[in-house]
Amino acid sequence: MSVIAIAGEVDKTNSAELADYVERIRRPRDHVIFDLAELTFLDSSGLHVLLSCARTCADDDADVHLAAAQGSPARLLHVTGVDVRLPTYVTTEHAIATVLATRTS
Amino acid sequence: MSVQFELRCPVSADLAFIRDLVRVCGRYAGLTGERLDHLVLAVNEAVTNVLDHGGAAGSVTARGTQDGIIVEILDFAGRLSAGHLGGARVDPTGAHGFGLWVIQRLCDGVSLEQTGLGSLLSLHMNHDPATSVRHLGRAGRERQPAH
(Lines give C-alpha, C1' and ligand atoms only; values in the text may rest on other atoms or scores of the structure.)
Protein backbone atom coordinates (compact mmCIF):
# COMPACT_ATOMS: atom_id res chain seq x y z
CA MET A 1 0.00 0.00 0.00
CA SER A 2 0.95 3.63 -0.37
CA VAL A 3 0.15 6.12 2.36
CA ILE A 4 0.14 9.70 1.10
CA ALA A 5 -0.27 12.53 3.61
CA ILE A 6 -1.58 15.78 2.16
CA ALA A 7 -1.08 18.89 4.28
CA GLY A 8 -2.13 22.51 3.82
CA GLU A 9 -4.34 23.73 1.02
CA VAL A 10 -5.06 22.05 -2.32
CA ASP A 11 -6.57 24.15 -5.07
CA LYS A 12 -6.20 24.62 -8.81
CA THR A 13 -2.75 26.16 -8.36
CA ASN A 14 -1.24 22.93 -7.02
CA SER A 15 -3.65 20.07 -7.78
CA ALA A 16 -1.72 19.06 -10.94
CA GLU A 17 1.40 18.76 -8.80
CA LEU A 18 -0.48 16.50 -6.41
CA ALA A 19 -1.73 14.38 -9.33
CA ASP A 20 1.82 13.96 -10.64
CA TYR A 21 3.07 13.00 -7.20
CA VAL A 22 0.35 10.41 -6.67
CA GLU A 23 1.02 8.88 -10.07
CA ARG A 24 4.77 8.69 -9.37
CA ILE A 25 4.39 7.16 -5.91
CA ARG A 26 1.77 4.52 -6.53
CA ARG A 27 2.94 1.08 -7.61
CA PRO A 28 0.66 -1.24 -9.58
CA ARG A 29 -1.97 -3.01 -7.45
CA ASP A 30 -1.23 -0.74 -4.48
CA HIS A 31 -4.06 0.40 -2.27
CA VAL A 32 -3.71 4.12 -1.62
CA ILE A 33 -4.47 5.69 1.76
CA PHE A 34 -4.73 9.46 1.76
CA ASP A 35 -3.98 10.84 5.21
CA LEU A 36 -5.96 14.10 5.26
CA ALA A 37 -5.42 15.03 8.92
CA GLU A 38 -3.36 18.12 8.07
CA LEU A 39 -5.38 19.14 5.02
CA THR A 40 -7.08 22.47 5.69
CA PHE A 41 -8.61 23.23 2.29
CA LEU A 42 -9.62 21.05 -0.66
CA ASP A 43 -11.32 22.36 -3.80
CA SER A 44 -13.05 20.39 -6.56
CA SER A 45 -9.82 20.09 -8.59
CA GLY A 46 -8.11 18.47 -5.58
CA LEU A 47 -11.06 16.17 -5.05
CA HIS A 48 -10.81 15.31 -8.73
CA VAL A 49 -7.25 14.06 -8.10
CA LEU A 50 -8.46 11.72 -5.35
CA LEU A 51 -11.26 10.41 -7.57
CA SER A 52 -8.96 9.92 -10.56
CA CYS A 53 -6.65 7.92 -8.32
CA ALA A 54 -9.65 5.84 -7.20
CA ARG A 55 -10.42 5.07 -10.85
CA THR A 56 -6.83 4.04 -11.55
CA CYS A 57 -6.83 1.84 -8.45
CA ALA A 58 -10.14 0.23 -9.42
CA ASP A 59 -8.58 -0.83 -12.71
CA ASP A 60 -6.32 -3.21 -10.81
CA ASP A 61 -8.64 -4.21 -7.99
CA ALA A 62 -7.35 -1.78 -5.40
CA ASP A 63 -9.08 1.03 -3.52
CA VAL A 64 -8.47 4.56 -2.41
CA HIS A 65 -9.02 5.00 1.33
CA LEU A 66 -9.61 8.42 2.85
CA ALA A 67 -8.47 8.96 6.41
CA ALA A 68 -8.83 11.66 9.08
CA ALA A 69 -10.49 14.36 6.95
CA GLN A 70 -11.42 17.42 9.01
CA GLY A 71 -13.36 20.65 8.63
CA SER A 72 -13.93 22.05 5.15
CA PRO A 73 -12.37 19.11 3.24
CA ALA A 74 -14.52 16.65 5.23
CA ARG A 75 -17.64 18.63 4.34
CA LEU A 76 -16.72 18.70 0.63
CA LEU A 77 -16.36 14.89 0.74
CA HIS A 78 -19.77 14.74 2.40
CA VAL A 79 -21.79 17.06 0.13
CA THR A 80 -20.39 15.37 -2.99
CA GLY A 81 -21.17 11.92 -1.62
CA VAL A 82 -17.53 10.86 -1.99
CA ASP A 83 -17.42 9.84 1.68
CA VAL A 84 -20.05 7.22 0.87
CA ARG A 85 -18.49 6.05 -2.37
CA LEU A 86 -14.94 5.60 -1.03
CA PRO A 87 -13.99 3.90 2.25
CA THR A 88 -13.36 6.57 4.88
CA TYR A 89 -11.78 6.30 8.32
CA VAL A 90 -11.52 8.47 11.40
CA THR A 91 -7.78 7.80 11.69
CA THR A 92 -4.99 6.79 9.30
CA GLU A 93 -4.01 3.96 11.67
CA HIS A 94 -7.48 2.50 11.28
CA ALA A 95 -7.21 2.74 7.49
CA ILE A 96 -3.83 0.99 7.48
CA ALA A 97 -5.07 -1.77 9.80
CA THR A 98 -8.09 -2.34 7.56
CA VAL A 99 -6.02 -2.57 4.39
CA LEU A 100 -3.53 -4.94 6.06
CA ALA A 101 -6.37 -7.15 7.30
CA THR A 102 -7.85 -7.28 3.80
CA ARG A 103 -4.53 -8.30 2.28
CA THR A 104 -3.89 -11.13 4.70
CA SER A 105 -7.41 -12.56 4.71
CA MET B 1 -23.42 51.97 14.48
CA SER B 2 -22.35 49.55 11.79
CA VAL B 3 -19.85 50.52 9.14
CA GLN B 4 -20.62 49.60 5.55
CA PHE B 5 -17.88 47.42 4.19
CA GLU B 6 -17.38 46.16 0.67
CA LEU B 7 -14.67 44.00 -0.85
CA ARG B 8 -13.59 44.63 -4.42
CA CYS B 9 -10.67 42.73 -5.90
CA PRO B 10 -9.61 41.43 -9.30
CA VAL B 11 -9.82 37.76 -10.20
CA SER B 12 -6.30 36.42 -9.96
CA ALA B 13 -4.50 33.11 -9.77
CA ASP B 14 -3.64 33.84 -6.14
CA LEU B 15 -6.58 31.81 -4.92
CA ALA B 16 -5.30 31.58 -1.35
CA PHE B 17 -5.29 35.38 -1.10
CA ILE B 18 -8.84 35.63 -2.45
CA ARG B 19 -9.97 32.95 0.01
CA ASP B 20 -8.42 34.95 2.86
CA LEU B 21 -10.20 38.13 1.77
CA VAL B 22 -13.54 36.36 1.44
CA ARG B 23 -13.07 34.75 4.84
CA VAL B 24 -12.52 38.17 6.43
CA CYS B 25 -15.59 39.62 4.69
CA GLY B 26 -17.75 36.63 5.54
CA ARG B 27 -16.76 36.79 9.17
CA TYR B 28 -17.42 40.54 9.22
CA ALA B 29 -20.86 39.86 7.74
CA GLY B 30 -21.59 37.52 10.63
CA LEU B 31 -20.91 34.08 9.13
CA THR B 32 -19.10 31.52 11.25
CA GLY B 33 -18.06 27.88 11.18
CA GLU B 34 -19.45 25.64 8.48
CA ARG B 35 -21.29 28.42 6.64
CA LEU B 36 -18.16 30.55 6.45
CA ASP B 37 -16.19 27.55 5.11
CA HIS B 38 -18.91 26.90 2.52
CA LEU B 39 -18.80 30.51 1.34
CA VAL B 40 -15.00 30.43 0.99
CA LEU B 41 -15.12 27.17 -0.99
CA ALA B 42 -17.94 28.39 -3.25
CA VAL B 43 -16.12 31.63 -4.12
CA ASN B 44 -12.92 29.67 -4.69
CA GLU B 45 -14.77 27.45 -7.20
CA ALA B 46 -16.36 30.44 -8.96
CA VAL B 47 -13.03 32.25 -9.33
CA THR B 48 -11.34 29.04 -10.53
CA ASN B 49 -14.11 28.72 -13.10
CA VAL B 50 -13.35 32.21 -14.45
CA LEU B 51 -9.65 31.32 -14.66
CA ASP B 52 -10.21 27.97 -16.36
CA HIS B 53 -13.31 28.41 -18.50
CA GLY B 54 -13.98 32.15 -18.61
CA GLY B 55 -11.75 34.91 -19.86
CA ALA B 56 -9.34 34.58 -16.90
CA ALA B 57 -10.15 38.21 -16.03
CA GLY B 58 -12.86 39.52 -13.78
CA SER B 59 -13.63 40.82 -10.35
CA VAL B 60 -14.89 39.69 -6.97
CA THR B 61 -17.08 41.96 -4.88
CA ALA B 62 -18.62 41.16 -1.53
CA ARG B 63 -21.01 43.08 0.65
CA GLY B 64 -22.90 42.34 3.80
CA THR B 65 -26.70 42.22 3.77
CA GLN B 66 -29.28 42.06 6.51
CA ASP B 67 -29.36 38.26 6.24
CA GLY B 68 -25.72 37.52 5.50
CA ILE B 69 -23.49 38.25 2.53
CA ILE B 70 -23.60 38.47 -1.25
CA VAL B 71 -20.44 37.75 -3.22
CA GLU B 72 -20.47 38.59 -6.92
CA ILE B 73 -17.98 37.08 -9.35
CA LEU B 74 -17.82 38.85 -12.69
CA ASP B 75 -16.31 37.12 -15.73
CA PHE B 76 -15.41 39.91 -18.14
CA ALA B 77 -15.52 37.45 -21.06
CA GLY B 78 -19.16 36.62 -20.24
CA ARG B 79 -18.73 32.91 -20.88
CA LEU B 80 -20.80 31.54 -18.00
CA SER B 81 -24.37 30.73 -19.04
CA ALA B 82 -27.49 29.53 -17.28
CA GLY B 83 -27.06 26.29 -19.21
CA HIS B 84 -23.68 25.70 -17.56
CA LEU B 85 -25.22 26.24 -14.13
CA GLY B 86 -28.32 24.16 -14.76
CA GLY B 87 -26.33 21.37 -16.37
CA ALA B 88 -23.76 21.13 -13.59
CA ARG B 89 -23.56 17.64 -12.12
CA VAL B 90 -21.51 15.98 -9.48
CA ASP B 91 -19.56 13.16 -11.04
CA PRO B 92 -18.35 10.72 -8.39
CA THR B 93 -16.20 8.89 -10.92
CA GLY B 94 -14.06 12.00 -11.22
CA ALA B 95 -14.34 12.10 -14.99
CA HIS B 96 -15.39 15.75 -14.96
CA GLY B 97 -15.00 18.77 -12.75
CA PHE B 98 -17.96 19.75 -10.66
CA GLY B 99 -17.15 23.19 -9.31
CA LEU B 100 -20.43 24.69 -10.51
CA TRP B 101 -22.41 21.93 -8.84
CA VAL B 102 -20.55 22.47 -5.58
CA ILE B 103 -21.32 26.21 -5.70
CA GLN B 104 -25.04 25.57 -6.07
CA ARG B 105 -25.02 22.91 -3.38
CA LEU B 106 -23.22 25.04 -0.81
CA CYS B 107 -24.80 28.46 -1.25
CA ASP B 108 -28.26 29.53 -0.08
CA GLY B 109 -28.90 31.25 -3.39
CA VAL B 110 -27.13 31.47 -6.76
CA SER B 111 -28.11 33.74 -9.61
CA LEU B 112 -26.55 34.62 -12.94
CA GLU B 113 -27.00 37.79 -14.93
CA GLN B 114 -25.49 38.77 -18.27
CA THR B 115 -24.40 42.39 -17.95
CA GLY B 116 -22.61 44.84 -20.22
CA LEU B 117 -19.44 44.06 -18.28
CA GLY B 118 -19.67 40.28 -18.48
CA SER B 119 -21.45 37.40 -16.78
CA LEU B 120 -22.18 38.14 -13.15
CA LEU B 121 -22.56 35.20 -10.78
CA SER B 122 -24.08 36.16 -7.41
CA LEU B 123 -23.66 33.89 -4.43
CA HIS B 124 -25.89 34.43 -1.40
CA MET B 125 -25.03 33.01 1.99
CA ASN B 126 -27.19 33.66 5.03
CA HIS B 127 -26.26 33.58 8.69
CA ASP B 128 -28.99 31.09 9.35
CA PRO B 129 -29.65 28.08 7.13
CA ALA B 130 -33.37 28.31 7.98
CA THR B 131 -33.63 31.37 5.73
CA SER B 132 -32.16 29.53 2.74
CA VAL B 133 -33.99 30.37 -0.47
CA ARG B 134 -33.68 26.80 -1.68
CA HIS B 135 -32.16 23.49 -0.76
CA LEU B 136 -30.55 20.99 -3.06
CA GLY B 137 -30.28 17.34 -2.15
CA ARG B 138 -27.15 15.31 -1.78
CA ALA B 139 -25.16 14.03 -4.73
CA GLY B 140 -27.36 12.57 -7.43
CA ARG B 141 -30.55 14.25 -6.26
CA GLU B 142 -29.91 17.75 -7.52
CA ARG B 143 -32.51 19.67 -9.48
CA GLN B 144 -33.08 19.05 -13.16
CA PRO B 145 -31.26 21.21 -15.73
CA ALA B 146 -32.95 24.46 -16.65
CA HIS B 147 -32.87 23.82 -20.40
Side-chain angles (χ1 to χ4, degrees), chain A residues 4 6-20 22-23 26 32 34 36 38-60 62-66 69-88, chain B residues 11-20 22-23 26 31-54 56 88-108 125 129 132 135-142:
Chain A
I4 300 175
I6 310 174
E9 302 186 310
V10 176
D11 63 19
K12 189 70 187 183
T13 64
N14 56 13
S15 56
E17 202 180 325
L18 175 64
D20 288 347
V22 171
E23 198 181 323
R26 182 180 181 263
V32 177
F34 285 106
L36 308 177
E38 301 292 322
L39 182 67
T40 55
F41 181 81
L42 180 70
D43 82 337
S44 68
S45 75
L47 183 55
H48 189 259
V49 174
L50 306 186
L51 293 171
S52 295
C53 181
R55 260 191 319 186
T56 311
C57 286
D59 287 345
D60 47 23
D63 285 314
V64 159
H65 305 256
L66 304 177
Q70 318 280 329
S72 176
R75 286 195 286 274
L76 178 63
L77 297 175
H78 182 67
V79 298
T80 53
V82 171
D83 63 347
V84 175
R85 185 173 173 270
L86 299 181
T88 57
Chain B
V11 161
S12 85
D14 193 349
L15 295 168
F17 181 55
I18 293 176
R19 287 197 296 273
D20 283 347
V22 170
R23 184 169 289 281
L31 298 185
T32 55
E34 181 172 314
R35 303 189 68 71
L36 183 57
D37 284 346
H38 284 180
L39 176 74
V40 170
L41 178 56
V43 175
N44 179 90
E45 296 296 331
V47 171
T48 302
N49 199 63
V50 174
L51 294 170
D52 283 358
H53 305 294
R89 287 286 175 277
V90 67
D91 179 358
T93 66
H96 301 96
F98 41 78
L100 289 176
W101 185 89
V102 167
I103 290 169
Q104 295 175 88
R105 175 64 183 79
L106 295 181
C107 293
D108 293 318
M125 188 67 86
S132 298
H135 296 278
L136 299 180
R138 267 180 73 100
R141 282 189 282 136
E142 67 276 16

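Keep in mind that what you see is a predicted model, and the values were worked out from it rather than measured. Here is how names work: the chains are called A, B, and so on, in the same order as the sequence lines, proteins then strands, and each is numbered from 1.
- When the candidates B/Leu106, B/Val40, B/Asp52 are compared by the number of heavy-atom contacts under 4.5 Å with chain A, B/Asp52 comes out ahead.
- Contacts between A/Leu47 and chain B at a heavy-atom distance below 4.5 Å involve the side chain alone, from C-beta outward.
- A distance of 4.5 Å separates CG of A/Asp11 from CG of B/Leu15, quoted to the nearest 0.5 Å.
- Side-chain atoms of A/Lys12 and B/Leu51, non-hydrogen and from C-beta on, never get closer than 4.5 Å to each other.
- Taking the salt bridge (Lys or Arg N to Asp or Glu O under 4.0 Å) definition, one finds that A/Asp60 meets it with A/Arg26, sequence neighbours left out.
- If you measure heavy-atom distances from B/Asp14 to chain A, you find no contacts under 4.5 Å at all.
- Remark: A/Ser72 OG to B/Glu34 CD distance equals 9.5 Å, nearest 0.5 Å.
- When all heavy atoms are compared, the tightest approach of A/Val79 to B/Trp101 is O-CH2, 3.1 Å.
- Partners of A/His65 under the ring pair (Phe, Tyr, Trp, His ring centres under 6.0 Å) rule, at least two apart in sequence or in another chain, are A/His31, A/Tyr89.
- Heavy-atom minimum distance, B/Ala16 versus A/Glu9: CB-OE1, 3.8 Å.
- For the pair B/Asp37/A/Phe41, no side-chain contact is recorded, criterion being any heavy-atom separation below 4.5 Å from C-beta on.
- In this structure, the side chains of B/Val102 and A/Leu76 come closer than 4.5 Å at one or more pairs of heavy atoms.
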